[in-house]
J.: 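Pasting in a structure now, in structure tokens, and then I'll have a few things to ask.
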Amino acid sequence: MVNTKDDAVNKKDIIYLLEKIAIYLELQGENPFKISAYRKAAQALETDPRSLSEIDDWSTIKGIGKGTQSVITDFLESGTSETLRQLQEEVPEGLIQLLDIQGLGGKKLARLYQELGIENKADLKLACENHKVAELKGFGKKSEEKILTGLLSLNEQPDRLPFDAVRGVRRSIETALANMAFVERFSIAGSMRRMRETVKDLDFIISTSAPNKVKEQLIKLDHVKDVIASGETKVSVVIEDQFDVSVDFRMVADEAFATTLHHFTGSKDHNVMLRQLAKSRGEKISEYGVENLATGETKTFKSEEDFFNHFDLYFIPPEVREAKGEFEHSSTFNRLVTLSDIKGDLHMHTTWSDGAQSIEEMARFAEAKGYEYIAITDHSKFLRVANGLNEKRLREQRQEIERVQNHFPNLKILAGVEMDILPDGSLDFDNAFLQELDYVIGAIHSSFNQTEEEIMTRLFTAMENPYIKHIAHPTGRIIGKRKGYHVNMEKLIKKAKETHTILELNANPKRFDLSSEWLKVCQEHGVKVTINTDAHSKDTLDFMAEGVGVARRGWLLKDTVVNTWPLAELEAYWKKKQE
DNA sequence: GCCGTTTTCGGCCCGACTGTTTTCAGTCG
């Protein structure tokens, strides 16, 4: 491919531009509907499946009109945006990060700028310390204190926390709620329920007929550092953990549980679309139910499913509620992969390399999960730090696997390896040896800083190898910590298709690699995916549930996920590589 | 700024909580 205009400016750049303009307008105290028009335009682009070059008439996209179209054309033609440039002239750059302070929005910031000349953190801090802020109309002593503390904690932790960093807090809260008096039902909600890989906070919905009694218990939960709000229906606290985690609890009567759960699961954009739909039918959705505007009657629902059915929609799973076409496709979601579809786990470690359990133990736990097959895939010799296995030890391990196999008539244990793809592009074992193994994974664990070309050469070598069934954690990223190596995903997916190589969704919550976005692209290109836990201990075999959640977020149908297939079918697919 | 076979003007999703007010604006999700 030669360089086209698409390479210079991509769709994401335009989306980012529109969102940035919205932020600046917010700081100018602009009409909120104008601001949201820019956000909607960005959203519309995000949802439109076409690439940049395939769109010729922008204004036919719903949400993009004359104004946003001219901003886009200007940007495409000149590479910059006059609209944004002007805004940047009028609004100081330093104000933007101040929007992250709790309780400070565009309007208040605009006034701080206009009336006190505040342009950045330092200005704001000084103004608070000199009590200038409290003197402003609409502000007061408490606002000033809040701004000051918000200011101090601004850089202490990232805006969004990695999924894995809040898993523990979620668990302990769920345990507490399960044992809490006056709690009838509860559920996680918010972006955690939607399986986003980073979250801003945790949301829980609780049904109770004694909200005050529950409230008293909530603010006394373990490790509560701060109580942000505690009203009749809403309690917000900050839990002290590895990071400070904000947790919102919503308490409702049981009949409103389903609608409240839906409401606080979001996404916000999904909710807006559904509310618009309701409105066009003469109804109004709130967390308390669906009101018929003609009769004033409010209908509640036993389940979210009933709620969707009321609008003549099939159930839309939480993972796909992102206003990215889920309403149009609601009839296909009953075919999304589920945990009960999973028949095996094709990536796990034992004490032979860096795992905590023996082969026999792993087999026992896998059998308890009802699996039909697993692959034991310890590291290969290159990975010394993980006690990687050489040819000799792998042959010994096969004997042990065969011994264990005799005790598990209903579970096929494949003798495999997670083989390193070496920095020079060669593989850790030759083909003569690889053909002795039942299952070979290709993986990169070294030289992360190589150029895209070097990385792609390594990956392509592995994919062209007839014995390598799948590529483990294809990008090598650790969410919130490490970007991963320089993979060109489009090329990787194309190559996977050509070579019948399966790509992994590594279900370790630190990784979720591939991401749901790329999984979707895989499926669109007919590339098969395997969801594996990469378990290093018995408990981490449970990552499968979260992996399936990420797969669902990527709209993966059961058929795309090869470890939902019976073993015979899987073996037939592997043969394609050797043809 | 966007949209429209009820509308080219007047709407635009809805409600809780807080702080500053004394009936409400701003923020948040």
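Numbered from 1 within each chain, the chains take letters A, B, ... in sequence-line order.
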J.: For A:Ser191 and A:Arg196, what are the C-alpha separation, side-chain angles and deciding distance, and is it a side-chain hydrogen bond (donor to acceptor under 3.5 Å, both in side chains)?
T.: CA-CA 5 Å; A:Ser191 48; A:Arg196 278 198 62 168; 5.5 Å; no
J.: Can you name the residues that form a side chain to side chain contact (heavy atoms under 4.5 Å, CB included) with A:Leu293, not counting sequence neighbours?
T.: A:Lys284, A:Glu291
J.: Please classify the nucleic acid contact of A:Ile35 as base, sugar-phosphate, or nothing, using heavy-atom distances under 4.0 Å.
T.: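 No contact.
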J.: Between A:Lys279 and B:dC12, is there a contact of a side-chain N or O with OP1 or OP2 at under 4.0 Å?
T.: yes
J.: Applying ring pair (Phe, Tyr, Trp, His ring centres under 6.0 Å), can you list everything that pairs with A:Phe311, at least two apart in sequence or on another chain?
T.: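 By the ring pair (Phe, Tyr, Trp, His ring centres under 6.0 Å) rule, A:Phe311 matches A:Phe307.
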J.: Of all residues at least two apart in sequence or in a different chain, which pass the side chain to side chain donor-acceptor pair (under 3.5 Å) check with A:His223?
T.: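 With sequence neighbours excluded, A:His223 shows a side chain to side chain donor-acceptor pair (under 3.5 Å) to no residue whatsoever.
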J.: Looking for any heavy atom pair under 4.0 Å, which part of the strands does A:Leu274 touch: base, sugar-phosphate only, or nothing?
T.: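 The answer is nothing, as A:Leu274 stays clear of every strand by at least 4.0 Å.
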J.: Would you mind classifying the nucleic acid contact of A:Phe33 as base, sugar-phosphate or nothing, using non-hydrogen atoms under 4.0 angstrom?
T.: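 Base: the residue A:Phe33, judged by heavy atoms under 4.0 Å, touches a nucleobase.
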J.: Could I get the full list of ring pair (Phe, Tyr, Trp, His ring centres under 6.0 Å) partners for A:Phe204, not counting sequence neighbours?
T.: A:Phe249
J.: Would you say A:Ser36 reaches B:dC12's phosphate, i.e. side-chain N/O to OP1/OP2 under 4.0 Å?
T.: no
J.: List the residues meeting ring pair (Phe, Tyr, Trp, His ring centres under 6.0 Å) with A:Phe315, not counting sequence neighbours, and say none if there are none.
T.: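 Partners of A:Phe315 under the ring pair (Phe, Tyr, Trp, His ring centres under 6.0 Å) test: A:Phe308.
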J.: Going by purine N1 to pyrimidine N3 plus the second Watson-Crick contact, or the G-U wobble pair, all under 3.5 Å, which nucleotide sits opposite B:dT8?
T.: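 Base-paired to nothing in any strand shown.
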J.: Can you identify which nucleotide, out of B:dA16, B:dC17, B:dT27, has its nearest atom closest to the A:Arg250 side chain?
T.: B:dA16
J.: Can you name the side chain to side chain donor-acceptor pair (under 3.5 Å) partners of A:Asp341, sequence neighbours left out?
T.: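 Applying side chain to side chain donor-acceptor pair (under 3.5 Å) to A:Asp341 gives A:Thr338.
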J.: Suppose we screen for ring pair (Phe, Tyr, Trp, His ring centres under 6.0 Å). Which residues come up paired with A:Phe257, at least two apart in sequence or across chains?
T.: none
J.: Strictly below 4.0 Å, heavy-atom distances to any atom of DNA chain B: list the hits from residues 287-304 of chain A, or just say none.
T.: A:Glu287, A:Tyr288
J.: Can you sort out the partners of A:Glu145 under side chain to side chain contact (heavy atoms under 4.5 Å, CB included), two or more places apart, ordered by chain and number?
T.: A:Lys141
J.: Does A:Thr68 make a side-chain N or O approach to OP1 or OP2 of B:dC2 shorter than 4.0 Å?
T.: yes
J.: Base, sugar-phosphate or nothing for A:Ile101? Non-hydrogen atoms, less than 4.0 Å.
T.: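 The answer is sugar-phosphate, as A:Ile101 gets under 4.0 Å only of primed atoms, P, OP1 or OP2.
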J.: Using side chain to side chain contact (heavy atoms under 4.5 Å, CB included) as the criterion, list what pairs up with A:Arg167, not counting sequence neighbours.
T.: A:Phe163, A:Asp164, A:Arg171, A:Met192, A:Pro509, A:Phe543, A:Glu546
J.: By the 4.0 Å heavy-atom rule, please label A:Ser230 as base, sugar-phosphate, or nothing.
T.: sugar-phosphate
J.: Extract from the structure each pairing of a protein N or O with an N or O of nucleotides 8-10 of chain B at less than 3.5 Å, listing the distance.
T.:
none

J.: Which letter, B, S or -, goes with each nucleotide of nucleotides 20-25 of chain B from 5' to 3', with contact meaning a protein heavy atom under 4.0 Å?
T.: S-----
